[in-house]
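All heavy atoms count here, side chains included; hydrogens, waters and symmetry mates do not.
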Amino acid sequence: MTSHFSRRGFLATASASAAALALPRFALAADGFVNVYTGSDSNISDFWTNVILPGFKSVSPEARVRVVDAGDGAGLRAMADRAMAALGSDADPQVDLFEAYTPDQTEGSIDAGLWVNFAEAGIENLDKVNPAAKQTDFDLPYRGSQVLLAYDASRVAAEDAPKTWDEMTTWIHSNPGQFIYNRPDKGGSGGNFVRRAIHEANGRDPQKFTLENYSKDYAAETLPGAWELLNGLAPDLYEGGSYSSGNTQSIQLLAQGVVSMTPVWSDQVLQAIAMGVLPENTGLVQLQDLALCGGFSRITVPTNAANREVALQLAAYVLSADVQSKIITELGGFPGVSWDHVDGTLREKYADVIPASIPTFPGGGWDAAINDGWYRNVAPGLTRG
């Protein structure tokens, strides 16, 4: 997924908790605690500490769990390397559950047997996971974020909010100056809007783009159609072809009434509404012919975790309706389970943003090709940086 910092920067000071953890990182003894390692932002570690763990304590009073800040993805990889090195020995890897880590980040780890197979473990609530979010049996999607369209409900009626790419482009042309997206290298909301144009130009088939199939020749074959679509929109964008500097500025322009519609990250916009940055009646809609891209954060559990059974119970609890509903209301995220398994009032409230699909787009060589191609072909007058 796009980095949390880029789309949550404007929330950092407002949502930081005074109770943020100050635990040691890599020097924990095997003292009976379930060690949950996270490399995510403080709002995520706070959510685990202040919401998930007290709830888990109420259903498993004997369990002792602590959340440990690994710092970042490199810190998580270091812990996974430790668990990998400890396989087949009596050594305690000192980690029982990873938050926001996937098996592919540790080469050869699935074949080595490092990760619990959740399907074989048969944990409770596994059948509730959204099928569109599933990746492997060794990682458990528990929270997600997806790019949506946010609109000013005082200017745009709900029935006029676009639900397909064609409806959206028609709306943009019918309302010149009222739509903006950010530069694709400055934030994932604009970046994934550009990627939706790429999908549109290639038969709405996300499977045409993988890490493995990137090449300069294939990019030259598949990307120009998107540049044509985006150039067609440019004259009717804000100021005849202006682009915001990032996710945050797009939301600010919507909040100030400068534009009436913009792509946004789901978690960021829900937090902005909850904080009063945007009005309560801000409209949110997802394209239903093919949704804008998103992604999920996933739980993994090492097979050699000292407290594996309790870690699996915790993973199952995270998939419960209570926690999954709070991911929406308190974290501003999307549930990892199907929306049928969250609070009914939330299902009704966010009916227009429930995606029919959850497409993703690979990184690797595609990132530079997309960013470079956009500047060269869509916004040649802009200076990067």
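Between the side chains of Ser250 and Ser244, at least one donor N or O lies within less than 3.5 Å of an accepting N or O. A donor-acceptor contact closer than 3.5 angstrom is absent between the side chains of Glu348 and Thr345. Side-chain polar atoms of Tyr375 and Asp185 form a donor-acceptor pair below 3.5 angstrom. Checking Asn125 against Ser320 by side-chain atom types alone, no donor-acceptor pair falls below 3.5 Å. In summary, the side chains of Arg155 and Gln178 do present a donor paired with an acceptor at a separation below 3.5 Å, with no hydrogens or angles considered. The closest side-chain donor-acceptor pair between Asp104 and Thr102 falls under 3.5 angstrom.
One finds the CD atom of Gln105 at 8.5 Å from the OG1 atom of Thr300 (value rounded to the nearest 0.5 Å). With rounding to the nearest 0.5 angstrom, the CZ atom of Phe179 is 11.5 Å from the CG atom of Asp236.
The two atoms that bring Gln146 and Ala291 nearest to each other are NE2-CB, 3.4 Å, heavy atoms only. The two atoms that bring Ser297 and Glu99 nearest to each other are CB-OE2, 4.3 Å, heavy atoms only. Residues Pro131 and Ser338 come closest through the heavy atom pair CD-OG, 3.6 Å. Between Gly113 and Thr303, the shortest heavy-atom distance links the atoms O-OG1, 2.7 Å. Taking both residues in full, the closest heavy atoms of Ala80 and Leu114 are given as O-CD2, 4.1 Å, listed atom of the first, atom of the second, then distance. In terms of heavy atoms, Leu87 sits closest to Asn304 at N-ND2, 3.6 Å.
At a threshold of 4.5 Å between side-chain heavy atoms, the hydrophobic network of Ile, Leu, Val, Met, Phe, Trp and Tyr places Ile198 and Leu211 in two separate groups. With hydrophobic clusters built from ILVMFWY side chains whose heavy atoms lie under 4.5 angstrom apart, Leu229 does not share a cluster with Leu290. Criterion: ILVMFWY side-chain heavy atoms under 4.5 Å apart, direct or through other members. Under it, Phe209 and Tyr214 are part of a common hydrophobic cluster.
The side-chain contact (heavy atoms from CB on, under 4.5 Å) test with Ile180 is passed by exactly one of Leu254, Leu253, Val258: Leu253. Tyr142 pairs in a ring pair (Phe, Tyr, Trp, His ring centres under 6.0 Å) with only one of the listed residues (Tyr101, Trp48, Phe334, Phe98), which is Trp48.
Between Tyr218 and Trp366, the closest side-chain pair of non-hydrogen atoms falls below 4.5 Å. Using a 4.5 Å heavy-atom threshold, the side chains of Asn192 and Arg196 count as separate. The closest side-chain heavy-atom distance from Asn130 to Val337 is not below 4.5 Å. Looking at heavy atoms from C-beta onward, Val301 lies out of side-chain contact with Trp115 at the 4.5 angstrom threshold. Counting only heavy atoms from C-beta outward, the side chains of Lys326 and Leu331 never approach each other to under 4.5 Å. In this structure, the side chains of Met261 and Trp171 come closer than 4.5 Å at one or more pairs of heavy atoms.
Taking the centre and axis of the six-membered ring of Phe361, the NZ or CZ atom of Arg195 falls inside the cone set by 45° and 6.0 Å.
Surrounding CD of Gln256 are more than 12 heavy atoms belonging to other residues, nucleotides or ligands, all under 6.0 Å away. At most 12 heavy atoms of other shown residues, nucleotides or ligands fall within 6.0 angstrom of atom CD in Glu124.
Listed for the Ser109 side chain is a donor-acceptor partner under 3.5 Å among the backbone atoms of Pro103. A side-chain donor-acceptor contact under 3.5 Å links Asn182 to the backbone of Gly190. With Asp160 contributing its side chain and Val156 its backbone, the two residues share no donor-acceptor pair below 3.5 Å. Within the 3.5 Å criterion, the main-chain N or O of Thr210 finds a donor-acceptor partner in the side chain of Asn213.
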Item to complete: List the steps and the verdict of salt bridge (charged side-chain N to carboxylate O under 4.0 Å, His left out) for Lys349 and Glu280.
Response: CA-CA 12 Å; Lys349 181 177 181 179; Glu280 177 67 27; 3.4 Å; yes
Worksheet entry | CA sep, side-chain torsions, deciding dist, call: Val353, Val285, side-chain contact (heavy atoms from CB on, under 4.5 Å) | CA-CA 5 Å; Val353 303; Val285 68; 5.6 Å; no
Worksheet item: What do the steps show when you test Asp166 against Thr169 for side-chain hydrogen bond (donor to acceptor under 3.5 Å, both in side chains), and what is the final call?
Response: CA-CA 5 Å; Asp166 287 344; Thr169 57; 4.5 Å; no
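Residue pairs meeting the side chain to side chain donor-acceptor pair (under 3.5 Å) criterion with at least one member in residues 221-234: none, sequence neighbours excluded.
With salt bridges taken as basic N to acidic carboxylate O contacts below 4.0 Å, none links Arg82 and Asp92. Between Asp96 and Arg308 there is no salt bridge, since none of the side-chain N atoms of the basic residue sits less than 4.0 Å from a carboxylate O of the acidic one.
Relative ring orientation between Tyr243 and Tyr181 is described as perpendicular, the plane-to-plane angle rising above 60° on a 0-90° scale split at 30° and 60°.
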